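The structure presented is a predicted model; accordingly, all values stated were derived computationally and were not measured. For the numbers below, each heavy atom of this structure counts, side chains included, while hydrogens, waters and symmetry mates do not.
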Amino acid sequence: MTTLILTLVMMAGLFLLLWGAVGFVQDKRFFTTAPKEIQEAARPKPERFKGQHILGWALLILALAMMLGAVVFGAWDGIRSGFSFGQFFIRNLIMLWGMKAFDIVVFDWFLLCHSSFFPHYFPEVKSIVGPHLFGYNWRSHLKEILAHILVSLLIAFICTVLF
């Protein structure tokens, strides 16, 4: 149950990260993972309200704290509960792969391809977004999925050997 809750915290953090970057900070440096067409079309925007960028940065910091906190709490809880190497590995893999599945389904399939999330903040991309973009970044997703195995192994090693 704890692993599921921590995975949901990671997903919420990832959503806040996207929302803070796209909706409030609106800096093109955060668009490096977006399709090239969107990167080229998106234009810098003036603040819609005073403090918009500050709110965006606060959301980014909160999101990163939530995600890091979930990993740290998961490690602490596992150490306290006497987890084995395999249990740590599985917990972290579930958390990271759950977050990646959320990224693919919610960000790529829904927000990018089937909603007006991005055009709401960047109207100039309205004619670009759509179902044809789904899967544009499958190689980077695959690399991340494989990297999650290594990260999960590393966290499991740290938690079982060093603690």
Side-chain angles (χ1 to χ4, degrees), residues 1-78 91-145 147-148 151-152 154-155 158:
M1 185 60 146
T2 301
T3 302
L4 177 62
I5 292 168
L6 293 174
T7 303
L8 292 173
V9 169
M10 297 280 283
M11 291 174 180
L14 190 61
F15 179 77
L16 285 178
L17 197 67
L18 175 77
W19 191 36
V22 172
F24 297 99
V25 176
Q26 296 187 328
D27 189 320
K28 284 186 73 164
R29 290 178 292 182
F30 292 115
F31 284 59
T32 58
T33 59
K36 296 291 183 211
E37 305 95 310
I38 291 177
Q39 291 180 40
E40 292 167 2
R43 299 287 170 242
K45 304 280 184 253
E47 281 192 331
R48 294 184 310 276
F49 58 89
K50 187 174 172 68
Q52 171 189 324
H53 294 149
I54 293 169
L55 175 60
W57 284 106
L59 286 174
L60 293 176
I61 291 166
L62 174 63
L64 292 173
M66 287 172 64
M67 295 163 74
L68 180 61
V71 172
V72 170
F73 183 85
W76 173 80
D77 177 66
R91 170 176 274 178
N92 285 288
L93 202 57
I94 289 170
M95 290 169 59
L96 292 172
W97 281 359
M99 186 176 64
K100 179 46 67 182
F102 180 80
D103 176 12
I104 293 168
V105 172
V106 175
F107 288 5
D108 293 357
W109 184 81
F110 180 69
L111 294 179
L112 180 64
C113 298
H114 294 90
S115 80
S116 59
F117 177 81
F118 289 98
H120 175 74
Y121 297 105
F122 293 89
E124 62 272 20
V125 303
K126 187 174 179 114
S127 64
I128 299 170
V129 297
H132 64 283
L133 290 177
F134 187 69
Y136 77 94
N137 57 348
W138 68 271
R139 283 189 181 113
S140 66
H141 284 313
L142 185 57
K143 287 177 188 175
E144 283 182 47
I145 288 167
H148 290 158
V151 169
S152 296
L154 178 63
I155 293 170
I158 290 169

Heavy-atom distance under 4.5 Å between the side chains of Leu96 and Ser152, does that happen here? yes
Neighbour count above 12 (heavy atom, 6.0 Å) for Lys126 NZ: no
Is there a side-chain contact between Phe110 and Val105 (heavy atoms, below 4.5 Å)? no
NZ of Lys36 to CZ of Phe31, rounded to nearest 0.5 Å, is 13.5 Å
Rounded to the nearest 0.5 Å, how far apart are CD1 of Ile61 and CG of Leu16? 12.5 Å
In Å and rounded to the nearest 0.5 Å, what is the CG to CG distance from Asp108 to Asn137? 4.5 Å
Taking the side chain as every heavy atom from C-beta outward, state whether Val106 and Leu18 have any atom pair closer than 4.5 Å. no
Which pair of non-hydrogen atoms, one from Ala63 and one from Gly13, has the smallest distance, and what is that distance? CB-O, 3.1 Å
Are more than 12 heavy atoms, taken from residues, nucleotides or ligands other than Leu4, located less than 6.0 Å from that residue's CG atom? yes
In this structure, CD of Glu144 is separated from NZ of Lys100 (nearest 0.5 Å) by 3.0 Å
For the side chain of Arg43 and the backbone of Glu40, is there at least one donor-acceptor N/O pair under 3.5 Å apart? yes
Roughly how far apart are Ile5 CD1 and Met95 CE, rounded to 0.5 Å? 11.5 Å
Report yes or no: does Arg91 contribute a side-chain atom to a donor-acceptor pair with the main-chain N or O of Gly74 at less than 3.5 Å? yes
Would you check, one step at a time, whether the test side chain to side chain contact (heavy atoms under 4.5 Å, CB included) holds for His141 with Asp103? CA-CA 9 Å; His141 284 313; Asp103 176 12; 3.4 Å; yes
Arg48 atom CZ: more than 12 heavy-atom contacts under 6.0 Å: yes
Point-to-point distance, once rounded to the nearest 0.5 Å, from CD of Glu47 to CG of Leu55: 10.0 Å
Go through Met67 and Val71 one step at a time and tell me if the side chain to side chain contact (heavy atoms under 4.5 Å, CB included) criterion holds. CA-CA 7 Å; Met67 295 163 74; Val71 172; over 6 Å; no
List the atom of Phe73, the atom of Leu6, and the distance in Å for their closest heavy-atom pair. CD2-CD2, 3.8 Å
Considering all heavy atoms of both residues, which atom of Ala42 and which atom of Val125 are nearest to each other, and what is their separation? N-CG1, 4.2 Å
So Phe15 and Leu59, side chain to side chain contact (heavy atoms under 4.5 Å, CB included) or not? Walk me through it. CA-CA 10 Å; Phe15 179 77; Leu59 286 174; over 6 Å; no
Between Phe122 and Val22, is there a side-chain heavy-atom distance shorter than 4.5 Å? yes
Do you know which two heavy atoms are closest between Glu124 and Ala41, and how far apart they sit? CG-O, 3.1 Å
Close side-chain approach of His132 and Pro35, heavy atoms under 4.5 Å: no
Under 30°, 30 to 60°, or over 60°: which ring-plane class applies to Phe24 and Tyr121, parallel, tilted or perpendicular? tilted
Would you call Phe118 and Ile128 a side-chain contact if the rule is heavy atoms closer than 4.5 Å? no
In sequence, state the C-alpha distance, the side-chain angles, and the governing distance for Phe107 and Leu14, and then conclude on side chain to side chain contact (heavy atoms under 4.5 Å, CB included). CA-CA 10 Å; Phe107 288 5; Leu14 190 61; 3.7 Å; yes
Show the nearest heavy-atom pair for residues Gln39 and Ala34, with the distance to one decimal. NE2-O, 2.6 Å
Quick check: does any side chain N or O of Trp109 sit under 3.5 Å from a backbone N or O of Ile104, one acting as donor and the other as acceptor? no
Give the C-alpha distance, both sets of side-chain angles, the deciding distance and a yes or no for ring pair (Phe, Tyr, Trp, His ring centres under 6.0 Å) between Trp57 and Phe30. CA-CA 12 Å; Trp57 284 106; Phe30 292 115; 5.6 Å; yes
Test item: Gln26 side-chain N/O and Pro44 main-chain N/O as donor-acceptor pair under 3.5 Å: no
Taking every heavy atom of Pro131 against every heavy atom of His114, the minimum-distance pair comes out as CG-NE2, 3.9 Å
